[in-house]
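Accompanying notes for the structure given below.
All heavy atoms count here, side chains included; hydrogens, waters and symmetry mates do not. Within every chain, numbering begins at 1; the chains are lettered A, B, ... in the order of the sequence lines, protein sequences first and strands thereafter.
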2 protein chains.
Amino acid sequence: MNTRQEVLDFVHHGHERYLPHLSIDCVIFGYHAHQLKILLIRHHGHDNWSLPGGYIARDEGVTQAAYRILAEKTQLTNLFLQQFYVFGDSATRMNKIKTQETHNPTYSKVGVAIDDNHWLSERTLSIGYYALVDYLNVVVNPELLVDEFCWQEVTEIPPLDYDHNEIVQKALMTLRAQIYQQPIGYNLLADKFTLPEIHALYESILGRQFDRRNFRKKLLTLGLIRQLDEQRKIGPHRSPYLYEFDHDNYQKALEEGAVLAL
Amino acid sequence: MNTRQEVLDFVHHGHERYLPHLSIDCVIFGYHAHQLKILLIRHHGHDNWSLPGGYIARDEGVTQAAYRILAEKTQLTNLFLQQFYVFGDSATRMNKIKTQETHNPTYSKVGVAIDDNHWLSERTLSIGYYALVDYLNVVVNPELLVDEFCWQEVTEIPPLDYDHNEIVQKALMTLRAQIYQQPIGYNLLADKFTLPEIHALYESILGRQFDRRNFRKKLLTLGLIRQLDEQRKIGPHRSPYLYEFDHDNYQKALEEGAVLAL
DNA sequence: CGGTAATACGTACATTCTACACAATAAAAA
DNA sequence: TTTTTATTGTGTAGAATGTACGTATTACCG
């Protein structure tokens, strides 16, 4: 929603187009500078950050809605996207406490007040999706109601609006649990990557250390990655070789549940 | 819902009490006679079986709703229950095809016709929960609109109503993926069990064979189970020893992600 | 040209996995 | 009573894998 007109239409007619009581929130993981980060936005009139999200159209599949919302926010299609949980228990979701002093200050930007009876004020469950994106390819859409956005390291997430901290924690847990069943590697890394890069990626996701040498040995023995003849220049040190994923073997290993114990 | 009055109240006033567009479906796993089974019901007027389910009250948490529904169906509280996916993509869920020739023949039993504009006919997403229960403790509640129920082996699930076959498949996949992270053992078995019992349980869930001797060795080495001094009489063969779970160790192993490769 | 900091690659030992074989037991058949 | 049959209980050797390191190589900088 980039124009005033679109926002007004959404506020006044959204309930005809979208399912009420239900939304989608996205935890978008990116990897940069040896850190696992997520994309946060700050809505107009809000002090805290929150997760990007949206609603499900009445004639639209849930998965379809999630991809559409992601595309609207990041301009990315064909990314890795996976549903992981429905949030409908917390006090804020039960509408037991009001989350903002003045209701929905966000929409004051277009001169609309949202009262308690408005469809946007109803109790809303949220379906959590997590996405893995190539950090460098994301172009965040400057939506009218979003004042700013940022990429925040997962170990340093500030207090978020609503129950979004809980959603991020659950996404991280799911990511960790699924790292051996989902092709997480080649969704967070570029096509060609160095050994230190993928090594640090696994360390940041799982939050523990792996021995460099054994890590390489394991990936090569399992045939998950292939060493290329190219190297990358990285400043004042020895140039690391580039590697690429062996998609066939990777897929097979995931199905068999190969684990990097190390 | 056991009386005509309750059903009529539900049909006419349910939309005031429950969230629309959203339901809960339960895949209830039980283990008996060396087979992993799920509980199916057949609604009045339906030829096919389906999963037990229900709606979320407007002032009720989602988790709370799931436990309530389970208790209503099986009289069990304190069982293992876990949300695993939201289903909202299939053609039946998009209301693109009508699933029953005559709409909702179920309610004809109480003399009510449900037309296209009724709240029960609206597009409904479903939150899937799976439960692990001790087969012997389940007392299925004879609800008015449920003609019969059965325990069906997971390898022989008949065609179900709606997208319930898909839901069962996803539940099974999740169960298999989570068997090393969730205390699946002591939710499907009685407090005391024999080695062949737990051995067969793991074989049915994962759908593959484990060497008896290595299986025992692994469980004992990890300290997950403790051998007791009692034995069980099992007809014309050697009496197997009884075992019990070492809850503390089991919990620790799950957190560390101990895997039974075998 | 040596110093520094990063990457590349190898080797020995410990641990775990895997594939087996044979003894013990309960009850039914001979 | 003895034999048979099906099932459970335990042990052991060799293969495979995991773990903990050490040392060599490379790129740039001063």
**Request:** Would you kindly give the NZ-to-P distance between B:Lys233 and D:dT8, to the nearest whole Å?
**Result:** 14 Å

**Asked** Does the side chain of A:Ser239 get closer than 4.0 angstrom to OP1 or OP2 of D:dA27 through an N or O atom?
**Response** yes

**Prompt:** Between B:Asp25 and B:Arg93, does at least one N-O distance fall below 4.0 Å, as a salt bridge requires?
**Reply:** yes

**Request:** Take the C1' atoms of the five end pairs on each side of the helix from C:dC1-D:dG30 to C:dA30-D:dT1, derive the two axes, and give their angle rounded to 10 degrees.
**Result:** 10°

**Prompt:** C:dT7 P sits how many Å from A:Phe193 CZ, rounded?
**Reply:** 15 Å

**Asked** Tell me: CG of B:Asp211 to C1' of D:dT12, nearest whole Å?
**Response** 13 Å

**Request:** May I have the distance from A:Arg213 (atom CZ) to C:dT7 (atom C1'), rounded to whole angstrom?
**Result:** 11 Å

**Message:** If I take atom NZ in residue B:Lys217 and atom P in nucleotide D:dT12, what distance separates them, rounded to the nearest angstrom?
**Reply:** 10 Å

**Message:** Output the rounded distance in Å from OH (A:Tyr243) to P (C:dT7).
**Reply:** 11 Å

**Request:** Starting from P on D:dT7, measure out to NE2 on B:His237 and report it in whole angstrom.
**Result:** 5 Å

**Fill in**
Assert: residue with more 5' nearest nucleotide on DNA chain D, out of A:Arg238 and A:Arg212, is A:Arg212

**Message:** Counting the benzene-type ring for Trp, do B:Tyr129 and B:Phe84 have ring centres under 6.0 Å apart?
**Reply:** no

**Asked** Quick one: is B:Gln231 getting a side-chain N or O under 4.0 Å of the C:dA24 phosphate, OP1 or OP2?
**Response** no

**Message:** At less than 4.0 Å, is any side-chain N or O atom of B:Lys218 found next to OP1 or OP2 of C:dC17? Yes or no.
**Reply:** yes

**Asked** Which is true for B:Glu197 with a 4.0 Å heavy-atom rule: it touches a base, it touches only sugar-phosphate, or it touches nothing?
**Response** nothing

